[in-house]
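To keep things clear, I will list the structure first and then write my remarks on it.
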Amino acid sequence: MLKTHTCGELRAEHAGQTVTLAGWVNRRRDHGGLIFIDLRDRFGLTQIVANPQNEAAYKVMSDLRSEFVVQIVGKARARPTGSENPNLETGAIEVEATEVKVLNAAKPTPFYINEESNVDETLRLKYRYLDLRRERMKKNLVLRHNVTSFIRKYLSDKGFIEVETPILFKTTPEGARDYLVPSRVHPGKFYALPQSPQQLKQLLMVGGIERYFQIARCFRDEDQRGDRQPEFTQLDMEMSFVERDDVMNLIEGMFTALVESVSDKKILHKPWPRFTYAEAMEKYGDDKFDIRFGMEIQNVTSVTKGSGFRVFDEAECAKAIVAPNCASYSRKQLDELVELAKTMGAKGLLWASVGANGEVKSSFGKNFPEEKMKILVSKLNTKEGDLILLVADSSSAAGSVLGKLRVEMADRLKLRDPNVMAFCWVIDFPLFMWNEEEKRWDPSHHLFTSPLPEDIPLLDTEPGKARGAQYDLVCNNYEMAGGSIRIHDRKLQEKVFQLIGLPWEVAQERFGHMLEAFEYGTPPHGGIAPGIDRLTMLLAGEPNIREVIAFPKSQQAADLMAGAPSVAEAHQLKELHIRLADGV
RNA sequence: GGACCCGUGGUGUAGCGGUUAACAUGCGGCCCUGUCAAGGCCGAGAUCGCGGGUUCGAAUCCCGUCGGGUCCGCCA
């Protein structure tokens with residue numbers, strides 16, 4: 001080792017010892033006659049001092065600059081009384097350098113390593129290896145490690161084993177868009193990178209593993225968001241001989257212990273509330289939502305129907321949220337809110353503000369009977385200072401807009417406490433969603449999700465009413481995990497394939513191995529897959545998952561550091577039997 | 001595929017129709033023995049992402065383009 005101690009290690013009791021430290025020059029303070037540097041490594045900062053009496057060390061120290069990598073031999077000693085630094089873990093002590101060796105010099109860096117200033121993200125991503133030296137990224141990667149190592153220990157203690165599954169697998173076009181990898185050995189054929197190890201973990205259950213987990217990389221070639229990267233990490237897990245509550249209880253226990261162990265975030269409700277999908281859509285307009293605040297969506301169709309106002313009368317329904325203390329919004333702010341609602345997919349947004357003595361100002365008062373307005377205001381339980389926001393549309397469209405608006409208003413009102421984790425479950429999803437364009441049923445989760453046992457007969461009569469044995473974990477407006485009890489019966493699986501319009505031959509080609517496996521003694525099984533990036537992001541209080549990924553991709557799915565993706569050489573393409581289209 | 005925001009010395013910002021393009025920090029030099037965002041003095045460093053247009057005049061207005069970000073679509 002090139003060092004005897006880390007830079008975060010020395011304390012008063014080390015005084016008198018000769019130590020060797022190595023790390024980066026975090027900061028240099030040159031007093032002419034006396035030079036200080038703060039030496040940094042991953043574990044902390046230690047002040048090094050050079051005295052002109054030590055001529056050789058002093059000379060090298062005076063040439064040091066930020067981010068030089070140096071090795072320093074010296075004597076640890078208590079700092080002179082009054083010059084201790086209480087803000088530094090090692091602040092009681094300093095190392096008087098006797099030998100200083102530059103291991104590698106450094107040019108001035110393109111941005112500051114030693115302070116927490118905003119830096120353009122293009123630069124951070126291009127020089128990610130420098131960005132990783134900064135406190136923010138270092139802290140986040142340590143946290144991420146703590147998350148995964150907690151999970152590994154917790155699940156191992158519960159009898160789970162970690163099993164790796166292939167990255168080169170088979171395309172499943174019915175999911176997200178696949179990343180394809182051309183085969184050299186099989187001209188014209190392609191592997192796909194897994195969107196998740198779904199089939200493989202089920203086959204591990206057929207293989208008798210019973211309790212499996214994996215910190216698994218998943219790949220989806222879809223457009224990016226702050227919480228979505230083309231490759232991301234799931235805690236993928238699966239258990240045999242379980243029912244829905246077994247999986248949910250395990251996750252609830254593990255996540256509660258995890259959050260309390262690796263962070264100081266508070267969990268809002270224990271045990272976690274459960275919502276049916278229908279309740280969630282009614283109250284929050286979305287299957288992911290935030291329960292750290294109220295402002296639930298209320299259906300006011302019974303008041304607005306038959307008012308003579310066309311916007312209300314012609315819409316399937318009208319829904320509203322009540323934003324407290326927003327009645328003072330100016331006309332300009334309200335207009336901006338209307339525009340915002342339109343970007344969220346609304347045809348329009350109506351507002352009404354409640355002033356002193358119940359006086360109501362609104363954008364639609366001219367067209368809406370006064371007595372109806374009174375009923376509306378009282379039905380919504382408003383008080384002075386409230387701003388009512390209404391959307392008249394189809395039930396799902398109105399809910400969707402107000403669900404987004406609800407979160408936006410809560411942000412403005414600072415009702416979303418970042419120190420609180422509001423976990424909740426969503427259950428009783430419909431097994432299928434009707435796809436109007438294709439005139440067929442689409443699985444609302446994935447095609448291996450089992451119906452609830454009591455709803456299996458509905459598959460023959462009213463498939464739209466069948467509920468899936470699915471459970472989603474929601475936290476602070478993010479979908480944190482999705483899971484289900486799976487189908488383990490060939491007949492049932494074939495029926496689902498049939499309902500979603502998968503021709504027999506296609507089902508056989510794509511999923512024949514699954515169907516066949518179900519004929520060789522498949523245990524009932526189920527699992528779940530929490531997103532590690534999103535969880536870590538929330539625990540770190542970060543606004544996007546790039547901050548908890550060492551080398552993330554840009555919104556255009558590019559690696560700005562290495563310059564991926566990049567062109568392949570002609571001989572590589574030839575070996576892969578690939579010819580580029582004209583104009584590419 | 002669509003909407004919106006951003007791009008000015010190395011970095012972070014100001015300037016928003018006429019400025020010698022400002023400030024902080026970093027960088028280089030000199031001074032300085034107890035600092036810890038050390039301090040003081042001096043200096044270098046930007047054709048304002050790129051291309052076109054409007055104008056007597058463009059960092060500033062318009063169009064296009066590139067890069068980054070946010071959102072909609074998409075994400076079984």
Is there a donor and acceptor pair closer than 3.5 Å between the side chain of [X] and the base of [N]?
{"X": "A/D38", "N": "B/C36", "answer": "no"}
{"X": "A/R177", "N": "B/G73", "answer": "no"}
{"X": "A/R79", "N": "B/U35", "answer": "yes"}
{"X": "A/R228", "N": "B/C75", "answer": "yes"}

Under 4.0 angstrom, heavy atoms only, what part of the nucleic acid is [X] near: base, sugar-phosphate, or nothing?
{"X": "A/R486", "value": "nothing"}
{"X": "A/Q53", "value": "base"}
{"X": "A/N114", "value": "nothing"}
{"X": "A/L560", "value": "sugar-phosphate"}
{"X": "A/S196", "value": "base"}
{"X": "A/E94", "value": "base"}
{"X": "A/E115", "value": "nothing"}
{"X": "A/Q470", "value": "nothing"}
{"X": "A/I500", "value": "nothing"}
{"X": "A/G82", "value": "nothing"}
{"X": "A/P443", "value": "sugar-phosphate"}
{"X": "A/N118", "value": "sugar-phosphate"}
{"X": "A/R225", "value": "base"}
{"X": "A/S83", "value": "base"}

Taking [M] as the reference, what is the distance to [N] when you measure between their [atom1] atoms (whole Å, please)?
{"N": "B/C63", "M": "B/U54", "atom1": "C1'", "value": "10 Å"}
{"N": "B/G53", "M": "B/A58", "atom1": "P", "value": "12 Å"}
{"N": "B/C66", "M": "B/C50", "atom1": "C1'", "value": "7 Å"}
{"N": "B/A44", "M": "B/A21", "atom1": "P", "value": "15 Å"}
{"N": "B/G45", "M": "B/G10", "atom1": "P", "value": "11 Å"}
{"N": "B/G69", "M": "B/C32", "atom1": "P", "value": "49 Å"}
{"N": "B/C72", "M": "B/C62", "atom1": "P", "value": "27 Å"}

Given [options], identify the nucleotide with an atom nearest to the side chain of [X].
{"X": "A/Q47", "options": "B/U35, B/C71, B/C75", "result": "B/U35"}
{"X": "A/L123", "options": "B/G34, B/C71, B/U11", "result": "B/U11"}
{"X": "A/D223", "options": "B/C74, B/C75, B/U11", "result": "B/C74"}
{"X": "A/P80", "options": "B/G68, B/A38, B/G34", "result": "B/G34"}
{"X": "A/T122", "options": "B/G67, B/U33, B/A38", "result": "B/G67"}

Value for CD (A/E231) from CZ (A/F219), rounded to nearest 0.5 Å, stands at 5.0 Å

Does [N] have a Watson-Crick or wobble partner in any strand here, with both distances under 3.5 angstrom, and which is it?
{"N": "B/G39", "result": "B/C31"}
{"N": "B/A22", "result": "B/U13"}
{"N": "B/G67", "result": "B/C6"}

Under-4.0 Å salt bridge between [X] and [Y]:
{"X": "A/D442", "Y": "A/R440", "result": "yes"}
{"X": "A/R467", "Y": "A/D455", "result": "yes"}
{"X": "A/K332", "Y": "A/D335", "result": "no"}

Tell me whether A/F111 is stacked on the nucleobase of B/U11, counting only the six-membered base ring and applying the 5.5 Å and 30° thresholds.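 The base of B/U11 is not stacked with A/F111 (the test needs centres under 5.5 Å and planes under 30°).
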
Under 5.5 Å centre to centre and under 30° between planes: does that hold for A/H31 and the six-membered base ring of B/G39?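 So no, this residue does not stack on that base, at least one cut-off failing.
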
Could you tell me whether the side chain of [X] and the main chain of [Y] form a donor-acceptor pair under 3.5 Å?
{"X": "A/R77", "Y": "A/V95", "answer": "no"}
{"X": "A/R534", "Y": "A/E479", "answer": "yes"}
{"X": "A/S330", "Y": "A/Q333", "answer": "yes"}

Test salt bridge (charged side-chain N to carboxylate O under 4.0 Å, His left out) applied to A/D38 and A/R29, step by step: CA-CA 9 Å; A/D38 293 332; A/R29 293 178 292 279; 2.9 Å; yes

A/Y277: which of A/F429, A/Y471, A/Y284, A/F289 passes ring-ring contact (aromatic ring centres under 6.0 Å, His included): A/F429

More than 12 heavy atoms of other groups within 6.0 Å of A/K170 NZ: yes

5' priority, RNA chain B, between A/D227 and A/V119 [closest heavy atom]: A/V119

Between A/E222 and A/S66, which residue's closest nucleotide on RNA chain B lies nearer the 5′ terminus? A/S66

Distances under 3.5 Å between nitrogen or oxygen atoms of protein and nucleotides 22-24 of chain B:
none

